[in-house]
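Here is the structure we will look at, set down as structure tokens.
FYI, the numbering just counts along the sequence from 1.
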Amino acid sequence: MDMFGFRDKVFFKRLLSISLPLMLQQLLNTAMYMADTLMLGALGDVPLAGAGAANQLVYLLDICLFGIVGGGGVFMAQHWGKKNIQGIRSTLGLCVLLCSMFCLVFFAAGLFFPAEVTGLFSKEAAVRESGALYLKIVVWSYPIKAIIYPYSTAHKSVGNARLRTVTGAIGIAVDMALNYLLIFGKLGFPKLGIAGAAYSTVIGSALDAALLLFFSYYKETPARASLKELLNQTVADVKRFVEVTLPVFADDAIWALGMVAISYVYGQMGTHSFAAMMIVNSVDQITMIALMGLGVGGSVMLGNVMGEGDHERAHVYGKRFLALAFAVGLLMMLLVAVFGEKMPMLYANATAEAQSIASATIFAMAFLQPLYALNFMMIVSILRAGGDTRAAAYIDLVPLWLISVPLTVLLGLVFHAPLWLVYLVAVPASLTRLFFGLKRMKTRRWLRTLV
């Protein structure tokens, strides 16, 4: 068998057509994140840690939205396999409605309780104050996500990832430019510091959403849904949507709570450790560029094939995607081990202690890359796309809450271990996840046609 699919020209051409635009999108997202952290890092550890504390709320929101559209995307991809445009549009409507509800809840939390939110992640008053200032502004970008997430998923599910890349690139370019102008007060703009980073995020997100809507409706696309089509669901449609999407949403939401709990531990380890994790996360974003492209591309292809009812081809595709993910993981391990620990040097204004902590943690991160790649592809792209969302949730969450979170608390807060060692508690959880995920794939019970 051609494990990687190189001799299957149709497979590989289709994968590249979907994945390359998504890789570019992830590259742009990473560039924006790094630019944000570099510019805020130039202001010192306190603004960098403050933004990190404030962004835990949007991290939790993003994961919830990813869970909603992740389940919706399974349906949209399978509907596209059957060329059922109305099915795509009604699913899009459900995603918009559910995303809007969550965006409004998180918006209210950040707007009315900013100090309380940031206070969860730092015990230092200066960090809480800086984060609260940032959060009160950046929350205005949250409702916009109720447009960006569902419409992006609709386009990706039918293989049109380029549109999302174009609109996202324009939004990111505006965000980065305004970051520079508003944080430092260049070209006659006011010098707003951390507040400038928040304003630029809101403006960039609004432009991204406006362009996405414009191009969705400018021409006849599967996402060009009227209000009637968006609301065209039967009770049976909603029930089936909830049955499949609820495990995905629960998985991502409870996963996010676990990550927030781990971030809380980092915050209690001190401002230097929390600022170091902002630097570590920027490297983590880089390692995800290729994997996110392959992962989403794989889920779309699997969903389309499942919609056609070809389970045998879906099984072959699943094995190919795992092999590709392992290859990407090995490459990332090599690159991060060689170059990653030098990344903190870019943050010249961060303290030497924060740079040293980040460097050691990034080196430890390198050796987790193959495990991360395999688990991401298996859970997010294969089991979910095959419709086996409940099993994917169990495999994902049980190791997190029974292994990762308790060990992080024990090492970080009881034994006061260094950050790099606390970070490595992900290893036993990842191995557990991989064992049960591969076992599930072998049974072929993950192959479920939903539409």
Side-chain angles (χ1 to χ4, degrees), residues 23-59 62-63 121-122 127 130-131 134 138 168-169 172-173 175-176 179-180 183 194 197-198 200-201 204 259-260 262-263 266-267 269 271-293 328-329 331-369 372-373 376 419-420 422-423 426:
M23 289 180 195
L24 178 58
Q25 177 67 33
Q26 184 65 19
L27 176 62
L28 292 170
N29 289 338
T30 302
M32 181 181 72
Y33 181 86
M34 290 190 66
D36 281 353
T37 53
L38 282 169
M39 292 181 201
L40 289 172
L43 302 177
D45 281 0
V46 169
L48 187 60
N55 280 331
Q56 294 306 308
L57 186 65
V58 76
Y59 170 76
D62 282 338
I63 293 294
F121 304 99
S122 179
V127 173
S130 181
Y134 176 88
V138 82
I172 287 170
D175 186 351
M176 291 173 65
N179 259 339
Y180 176 72
I183 291 175
I194 192 172
S200 65
T201 297
M259 293 296 102
V260 169
I262 290 171
S263 292
Y266 296 152
M269 291 171 68
T271 299
H272 297 310
S273 289
F274 203 57
M277 277 307 302
M278 289 286 287
I279 300 172
V280 173
N281 287 339
S282 68
V283 178
D284 186 49
Q285 295 257 349
I286 295 173
T287 66
M288 289 297 291
I289 291 172
L291 189 59
M292 282 292 290
V328 169
L331 176 61
M332 289 301 106
M333 180 181 71
L334 178 63
L335 292 176
V336 174
V338 174
F339 302 109
E341 62 176 335
K342 298 177 176 60
M343 287 290 293
M345 298 177 185
L346 295 174
Y347 298 82
N349 283 36
T351 62
E353 186 175 354
Q355 290 181 353
S356 176
I357 293 170
S359 182
T361 307
I362 290 168
F363 186 72
M365 179 211 292
F367 301 97
L368 283 167
Q369 295 308 306
Y372 280 165
F376 178 87
L419 183 63
W420 68 267
V422 177
Y423 189 87

message: Let me confirm one number: the OH-CG distance from Tyr423 to Asp284, rounded to the nearest 0.5 Å.
response: 5.0 Å
message: Tell me whether the count of non-hydrogen atoms from other residues, nucleotides or ligands lying under 6.0 Å of OH in Tyr59 goes above 12.
response: yes
- prompt: At what distance, to the nearest 0.5 angstrom, does CE of Met39 lie from CG of Asn179?
  reply: 5.0 Å
message: On a heavy-atom basis, which atom in Ala276 and which in Ala354 lie closest, and how many Å separate them?
response: CB-O, 3.5 Å
query: If you look at every heavy atom in Ala54 and Gly131, which pair is closest and at what distance?
result: CB-O, 3.5 Å
message: Contact between Gln369 and Val328 at the side-chain level, heavy atoms closer than 4.5 Å - yes or no?
response: no
- line: Only one of Met333, Met332, Met292 passes side-chain contact (heavy atoms from CB on, under 4.5 Å) with Thr287, and that residue is Met332
- request: Kindly give the heavy-atom pair with the smallest separation between Tyr372 and Ala426, and that separation in Å.
  value: OH-CB, 3.7 Å
- prompt: Taking Ser282 for the side chain and Ile279 for the main chain, is one N or O donor matched with an acceptor at less than 3.5 Å?
  reply: yes
- request: Any chance you could measure Met277, atom CE, to Leu419, atom CG, to the nearest 0.5 Å?
  value: 6.0 Å
Beyond-backbone contact of Val336 with Phe363, side-chain heavy atoms, under 4.5 angstrom: no
message: Closer than 3.5 angstrom, by distance alone: can the side chain of Ser263 be matched with the main-chain N or O of Met259 as a donor-acceptor pair?
response: yes
task: Could you pull out the closest heavy-atom pair between Ser130 and Ile194, with the gap in Å?
output: OG-CD1, 3.3 Å
message: Looking at Ser356 and Glu353, would you say the former's side chain and the latter's main chain have a donor-acceptor pair under 3.5 Å?
response: no
Trace of the side chain to side chain contact (heavy atoms under 4.5 Å, CB included) decision for Tyr134 with Thr201: CA-CA 10 Å; Tyr134 176 88; Thr201 297; 4.3 Å; yes
- prompt: Is a side-chain N or O of Gln56 found less than 3.5 angstrom from the main chain of Gly52, in a donor-acceptor match?
  reply: yes
- prompt: At their closest point, which heavy atom of Leu291 faces which heavy atom of Ala373, and how far apart are they?
  reply: CD2-CA, 3.5 Å
query: Between Met343 and Ile286, is any pair of side-chain heavy atoms under 4.5 Å apart?
result: yes
field: Side chain to side chain, Met288 and Phe376, heavy atoms closer than 4.5 Å
entry: yes
query: Is the backbone N or O of Ile357 less than 3.5 Å from a side-chain atom of Thr361, with the two atoms forming a donor-acceptor pair by type?
result: yes
- prompt: Taking Asn55 for the side chain and Ala51 for the main chain, is one N or O donor matched with an acceptor at less than 3.5 Å?
  reply: yes
